[in-house]
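Let me begin by presenting the structure, written as structure tokens, before commenting on it.
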Amino acid sequence: MSIADNLRDIHERIRAAAERAGRDPGSVKLVAVSKTQPAEAVAAALEAGQIIFGENYVQEFTDKAHRLPGNIRWHFIGSLQTNKVKYLAGITSLIHSVDRISLAQEINRQWEKSDGVCDILLQVNISGEETKSGTTTSGVIELARQTATLPHLRIRGLMTMPPFFDEPELARPYFRELKRLAGVITAENIPCVSMEELSMGMSGDFEVAIEEGATLVRVGTAIFGERYYR
Ligand SMILES: *Cc1c(COP(=O)(O)O)cnc(C)c1O
């Protein structure tokens, strides 16, 4: 199967999952996760109509972004060190992984330089696994309040990564909990905070995530094949 075939197959599965849940398939956007994949693979997916790509490693991301066409919408989805934020300004349209106020403040500072506004998601570590990034379930409302006061970023929603399961059904409670948290934050009526985006679901479980309300699914290996970890 080529990258174009894989993309067609995934769009079909997105459509079916959305319809099962009584949702408009157009309300789900596919983020093609291209970490560790060469620029040629991104170019092939772009050629097949894919526009949004997700990257995890700053150096690899900026190298690729500068070699590829400017119409790509790059999302940063990996854990982010504060001192690397400056490299993302100007090329990133959405950062999925904001999990602490110091990181939000640095994004605000970097985007202020060009008088821009950076769209962000707050990442929540629902399982509480120590190896996962993300703010705690109990801390996310406070993080939303603090972050909302920063003029050069805009909170668009939440992101989570459940623990790894072989059985996608087991991830469902984590997706449901993220949706519930988005509702709780919406009810707080914090100025400048919207909860329209839920970034959840990967190659193994994106259909379950869509059934639970995902608007952004982050799919890597099901599009590009296995990754070569560095
Ligand atoms: C790598 C990665 C993905 C994609 O994972 P696949 O299982 O290859 O689809 C999604 N989200 C994040 C945050 C990732 O790091």
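Excluded from the calculations below are hydrogen atoms, water molecules and symmetry mates; all remaining heavy atoms, backbone and side chain alike, are included. The structure displayed is predicted, hence computed values, not measured ones.
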Q) Counting only heavy atoms not in K29, do more than 12 fall under 6.0 Å of its NZ? A) yes
Q | Minimum heavy-atom distance F175-E212, with the two atoms named | A | CB-CB, 3.8 Å
Q) For E197 and T215, what are the C-alpha separation, side-chain angles and deciding distance, and is it a side-chain hydrogen bond (donor to acceptor under 3.5 Å, both in side chains)? A) CA-CA 6 Å; E197 303 288 2; T215 65; 2.5 Å; yes
Q) With no hydrogens and no angle check, is any side-chain donor or acceptor of S203 less than 3.5 Å from a backbone partner on A222? A) yes
Q) Between R109 and E106, is there a salt bridge with N-O shorter than 4.0 Å? A) yes
Q) Do the side chains of V33 and V28 join up, straight or via other hydrophobic residues, at under 4.5 Å, putting them in one cluster? A) no
Q.
Taking the side chain as everything from C-beta on, heavy atoms only, tell me whether I14 gets closer than 4.5 Å to F206.
A. yes
Q: Could you walk me through whether V219 and I10 pass side-chain contact (heavy atoms from CB on, under 4.5 Å), step by step?
A: CA-CA 9 Å; V219 178; I10 289 161; 3.9 Å; yes
Q: Check whether any side-chain heavy atom of M159 sits under 4.5 Å from a side-chain heavy atom of R218, and report yes or no.
A: yes
**Q.** side chain to side chain contact (heavy atoms under 4.5 Å, CB included) against A43, all qualifying residues, sequence neighbours excluded
**A.** L68
Q: Measure from the side-chain N and O atoms of T160 to the backbone N and O of P162, and report whether any donor-acceptor pair falls under 3.5 Å.
A: no
Q. Do L7 and I51 belong to the same hydrophobic cluster, where Ile, Leu, Val, Met, Phe, Trp and Tyr are linked whenever their side-chain heavy atoms lie under 4.5 Å apart, directly or via other members?
A. yes
Q: Report yes if some heavy atom in the side chain of P168 is under 4.5 Å from a heavy atom in the side chain of E207; otherwise report no.
A: no
Q. Within a strict 4.5 Å, meaning less than it, do heavy atoms of the T36 and N56 side chains meet?
A. no
Q: Find the distance between CD1 (I120) and NE2 (H152) and round it off to the nearest 0.5 Å.
A: 13.5 Å
(Q) Taking the side chain as everything from C-beta on, heavy atoms only, tell me whether H11 gets closer than 4.5 Å to R13. (A) no
Q. Do the side chains of P69 and L46 get nearer than 4.5 Å, heavy atoms only?
A. yes
Q: Would you mind listing every salt bridge (Lys or Arg N to Asp or Glu O under 4.0 Å) that reaches into residues 37-50, with sequence neighbours excluded?
A: E40-R67
Q. For the side chain of N125 and the backbone of G134, is there at least one donor-acceptor N/O pair under 3.5 Å apart?
A. no
Q: Using modelled atom types only, decide if a donor and an acceptor are shared between the side chain of D205 and the backbone of M202 within a distance under 3.5 Å.
A: yes
**Q.** S138: partners by side chain to side chain contact (heavy atoms under 4.5 Å, CB included), with sequence neighbours left out
**A.** T136
**Q.** Whether T147 side chain and A144 backbone form a donor-acceptor pair below 3.5 Å
**A.** no
Q) Just how far is it from atom CG of L158 to atom CG of L143, taken to the nearest 0.5 Å? A) 10.0 Å
Q. Shared ILVMFWY cluster between Y87 and F53, side chains joined below 4.5 angstrom?
A. yes
Q | From CA spacing to verdict: side-chain contact (heavy atoms from CB on, under 4.5 Å), I91, F61 | A | CA-CA 10 Å; I91 52 174; F61 167 38; 4.0 Å; yes
Q. Counting distance only, does the side-chain N/O of T149 pair as donor-acceptor with the main-chain N or O of Q146 below 3.5 Å?
A. yes
Q: Could you go through the side-chain hydrogen bond (donor to acceptor under 3.5 Å, both in side chains) check for E112 and N108 one step at a time?
A: CA-CA 6 Å; E112 183 177 23; N108 187 64; 4.9 Å; no
Q) Distance from D119 atom CG to R156 atom CZ, nearest 0.5 Å? A) 4.5 Å
Q. Should the pair E55-K35 be classified as a salt bridge under the 4.0 Å nitrogen-to-oxygen rule?
A. no
Throw together a table of side-chain donor-acceptor distances under 3.5 angstrom for residues 71-80, partners on residues two or more places apart or in other chains.
{"from": "H75", "atom 1": "ND1", "to": "H96", "atom 2": "NE2", "distance (Å)": "2.9"}

Q: Start with the C-alpha distance between R8 and E12, add both sets of side-chain angles, then the distance that settles salt bridge (charged side-chain N to carboxylate O under 4.0 Å, His left out), and finish with yes or no.
A: CA-CA 6 Å; R8 243 190 317 275; E12 177 51 33; over 6 Å; no
Q | Short side-chain to backbone donor-acceptor contact, D5 and D9, under 3.5 Å | A | no
Q: Measure across V117 and P151 and return the closest heavy-atom pair with its distance rounded to 0.1 Å.
A: CG2-O, 4.1 Å
Q | Same cluster (ILVMFWY, side-chain, under 4.5 Å), M200 and M161 | A | no
Q: Output yes when E211 and R23 qualify as a salt bridge under the 4.0 Å nitrogen-oxygen rule, no when they do not.
A: no
Q. Roughly how far apart are T135 OG1 and L103 CG, rounded to 0.5 Å?
A. 11.5 Å
Q | Sequence-distant partners of K179, salt bridge (Lys or Arg N to Asp or Glu O under 4.0 Å), two or more places apart | A | none
Q | Hphob cluster co-occupancy, I101 + V85, side-chain heavy atoms under 4.5 angstrom | A | yes
Q | Separation of I107 CD1 from S102 OG (nearest 0.5 Å) | A | 9.5 Å
Q) Considering all heavy atoms of both residues, which atom of A171 and which atom of F165 are nearest to each other, and what is their separation? A) N-CD1, 3.7 Å
Q | Heavy-atom pair with the smallest gap, counting every atom of L121 and S199 | A | CD1-CB, 3.5 Å
Q: Nearest 0.5 Å please: distance from the OG atom of S27 over to the CG atom of L198.
A: 10.5 Å
Quick one: side chains of residues 181-195, donor-acceptor pairs under 3.5 Å with protein atoms, not counting sequence neighbours, listed by atom name and distance.
{"from": "T186", "atom 1": "OG1", "to": "A182", "atom 2": "O", "distance (Å)": "2.8"}
{"from": "E188", "atom 1": "OE1", "to": "R145", "atom 2": "NH2", "distance (Å)": "2.4"}
{"from": "S194", "atom 1": "OG", "to": "E196", "atom 2": "OE1", "distance (Å)": "2.5"}

**Q.** Whether Q50 side chain and L30 backbone form a donor-acceptor pair below 3.5 Å
**A.** yes
Q: Could you tell me whether the side chain of D99 and the main chain of S133 form a donor-acceptor pair under 3.5 Å?
A: no
**Q.** Note, I3 side chain near I223 side chain (heavy atom, < 4.5 Å)
**A.** yes
Q: Measure the shortest side-chain to side-chain distance between L94 and L216 over non-hydrogen atoms and say whether it is less than 4.5 angstrom.
A: yes
